[in-house]
Amino acid sequence: MSIRNPPYPVRAAAPRRARGAARLGSAAVAVTAAAAIAAAGAAPAAADTATGVADLRADLAALLADPALEGATSGVIVTSLTRGDVLYRSEPRTQVVPASNAKLLTSAAALEVLGADYRFTTSVAAGEDPGDGVVDGDLYLVGTGDPTLTPEAVDQLAAEVAASGVTEVTGDLLADDTWFDSERYLPEWDPTDAPYYYAAQISALTVAANTDYDTGVVNVDAQAGGAAGDPVDVALEPMTDNLSLDNRAETGASGSTSTFGVSRADGTNAFTADGALPVEQTYSTLRTVHEPTDHAAHLFAAALAEHGVKVSGEVGRGAAPESADPVAERSSMPLSELLTPFMKLSNNPHAEILMKAMGREESGEGTWAAGIDAATEALEDMGVNTRKVELVDGSGLSHSDRVTAQAVMDVLEEARVEPWFGVWRDSLPLAGHPDRLVGGTLTSRMRDTPAEGNVQAKTGSLTGASALSGYVTAAGGEELAFTVINNGYAGAAPRGVQDAIAVRLAEFTRDRTADVVRPLAAERTSPSAPDADLECTWAGTC
């Protein structure tokens, strides 16, 4: 059996198919519903100019005239999936920075290219036949990008190696990450983000430090002492022998301000803890590792030792030969299940792993460039207009990414005919739901409004870019799709405006019945939206 070409998952059905340019929706008209819309530059496209629709347009235009958006560009579209008409649109074809709304494109493309049943594999192979329990040569740990390879999973692989009868490796333990290329960090990403979990380096062999499946990072936990001046107990987990920790921190006075922090020197795995952590306080965060492949290999080496397998040589990297004999193998959960932590928690490394996996699947090249080509072709096959879509990554972490509101709306509309649509829609955060693996980045937003438990949408923010796009059931029973992408605002992310728009859509009815009282735009205040749903930066969500 060739370890270089193991039985990677076969899709249950061919997920890609060309469908031409036929699309649901978009009846084109040019009737101005309200002066407020004209003032906002919006071009309503629905033929229905009933009072309820006119009221909706006027209210959305007024909300988008919020002072928080002064000078901003806002690509906005609202479409009735039930009636097939466009209820509102503004700057639909203007290129905008999508932030994490890019994940809508990446996830849909991944389902098309890889299939909902796709699983990543991690395997162990022996360079020589392990006769009599001895591998007379090198042992290989071979990765294909599994973002769910937790320390427990690494331990299980080591246990399987031991259970196969292997007790000794006379050669080296080599990590094979050649399923992807060696580019770990895009030049378009802000280098100051590099220490933080949302900007971890990308490798075909990486460890997820927790059950959120944050890859390429370690947990940092600290506990202050009982009195000022006491040492602070600091730990990295999973700790490996290629990481170091210089703990210079001390316990600060009770009630003092914490100055504690943990940093990593660029290009190394030398961590330093310093500052003061007040008496009996705790600290917990994530920090990225340099070269995730090496971290995974050293963790596996420690696990082998725990299970009684002696490695006489060094821990390093190397490509497994075609003739390598399989010893152990692990498969990830299927992509249909991985979508939940990926999309609910807006996991950036998952998006980048999927992008490189698409490149490997389609062209045999696990690179960002090949993945973007594969994703673009898949989106076009779905019926998405990608003419103004320019992606450099899969997560939206780069300010160089460009999409249009129309392209995002195309994805929302065209995905509905796909066999994977149900699991994809369910992977979107659900407004106001307290369970973070249901509510995701919308857990604390739109609570106690008609949007709670109703709006399913993808969030996103970078500095100067914020978005909310997804689905909502209107009060009149219509299924709506919407996208709101704001760029170029001066202050904080305009989540309150986005939430107010989503709430207004949840209240929408074409008939102004007594059950739904139209909120006057001048009287409506934007719901507050906390900054707790961090996806990209400490100041906002991506």
Side-chain angles (χ1 to χ4, degrees), residues 1-9 119-182 184 201-209 215-216 218 238-243 269 289-332 353 360 366:
M1 175 179 176
S2 170
I3 194 64
R4 297 281 299 194
N5 295 285
Y8 298 116
R119 296 174 187 262
F120 297 89
T121 61
T122 306
S123 53
V124 182
E128 300 291 338
D129 183 21
D132 299 324
V134 177
V135 176
D136 191 15
D138 299 326
L139 190 69
Y140 297 88
L141 179 65
V142 185
T144 65
D146 184 2
T148 70
L149 188 68
T150 60
E152 292 76 18
V154 171
D155 185 74
Q156 290 168 7
L157 274 173
E160 189 174 339
V161 171
S164 74
V166 173
T167 59
E168 184 180 355
V169 178
T170 64
D172 297 329
L173 173 60
L174 300 177
D176 182 349
D177 62 1
T178 57
W179 195 249
F180 294 165
D181 68 354
S182 60
R184 306 289 193 227
Q201 296 179 20
I202 305 305
S203 166
L205 189 55
T206 187
V207 174
T215 66
V218 289
M239 186 64 177
T240 54
D241 59 11
N242 69 314
L243 309 183
N269 279 311
V289 298
H290 180 63
E291 291 294 347
T293 297
D294 297 339
H295 186 226
H298 281 269
L299 186 64
F300 185 57
L304 286 172
E306 285 288 326
H307 288 279
V309 178
K310 177 184 177 182
V311 177
S312 300
E314 302 295 324
V315 177
R317 294 191 219 170
E322 294 282 349
S323 59
D325 292 319
V327 177
E329 184 173 280
R330 176 190 182 272
S331 293
S332 72
I353 286 169
R360 181 74 195 210

Take Thr148 and Ser332, measure what side chain to side chain donor-acceptor pair (under 3.5 Å) needs, and give me the verdict at the end. CA-CA 6 Å; Thr148 70; Ser332 72; 4.7 Å; no
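- When all heavy atoms of Arg317 and Asp294 are compared, the closest pair comes out as NE-OD1, 2.9 Å.
- Taking CG of Asp155 as the start and CD of Glu160 as the end, the distance is 12.0 Å to the nearest 0.5 Å.
- The only option from Leu139, Val135, Asp138 that meets the side-chain contact (heavy atoms from CB on, under 4.5 Å) definition with Leu173 turns out to be Leu139.
- At a threshold of 4.5 Å between non-hydrogen side-chain atoms, the residues His295 and Val218 count as touching.
- Residues Ser203 and Glu291 are not in side-chain contact: their nearest non-hydrogen atoms beyond the backbone lie 4.5 Å or more apart.
- For the atom pair CG (Leu149) and CG (Leu141), the distance works out to 7.5 Å, reported to the nearest 0.5 Å.
- Heavy-atom minimum distance, Pro147 versus Thr215: O-CG2, 3.4 Å.
- Remark: Thr144 OG1 to Leu205 CG distance equals 9.0 Å, nearest 0.5 Å.
- When the options Val289, Val315, Leu299 are evaluated for a side-chain contact (heavy atoms from CB on, under 4.5 Å) with Thr240, the one that passes is Leu299.
- If you take CE on Met239 and NE2 on His298, they are separated by 11.5 Å, rounding to the nearest 0.5 Å.
- No option in Val166, Val161, Asp136 other than Val166 meets the side-chain contact (heavy atoms from CB on, under 4.5 Å) test with Pro130.
- Residues Glu329 and Val142 fail the side-chain proximity criterion, which asks for heavy atoms closer than 4.5 Å.
- Crowding of Asp241 atom CG: a count of heavy atoms from other residues, nucleotides or ligands under 6.0 Å exceeding 12.
- When all heavy atoms are compared, the tightest approach of Gly318 to Leu174 is N-CB, 3.8 Å.
- Across all their heavy atoms, Arg184 and Asp177 have their closest contact at NH2-OD2, 2.8 Å.
- The two residues Thr178 and Ala319 make their nearest non-hydrogen contact at CG2-CB, 4.3 Å.
- Side-chain atoms of Thr170 come within 3.5 Å of backbone N or O of Gly137 as a donor-acceptor pair.
- Taking every heavy atom of both residues into account, Ile202 and Ile353 meet most closely at CG2-CG1, 4.1 Å.
- For the side-chain contact (heavy atoms from CB on, under 4.5 Å) test with Arg330, the passing option among Asp146, Val124, Val154 is Asp146; the others fail.
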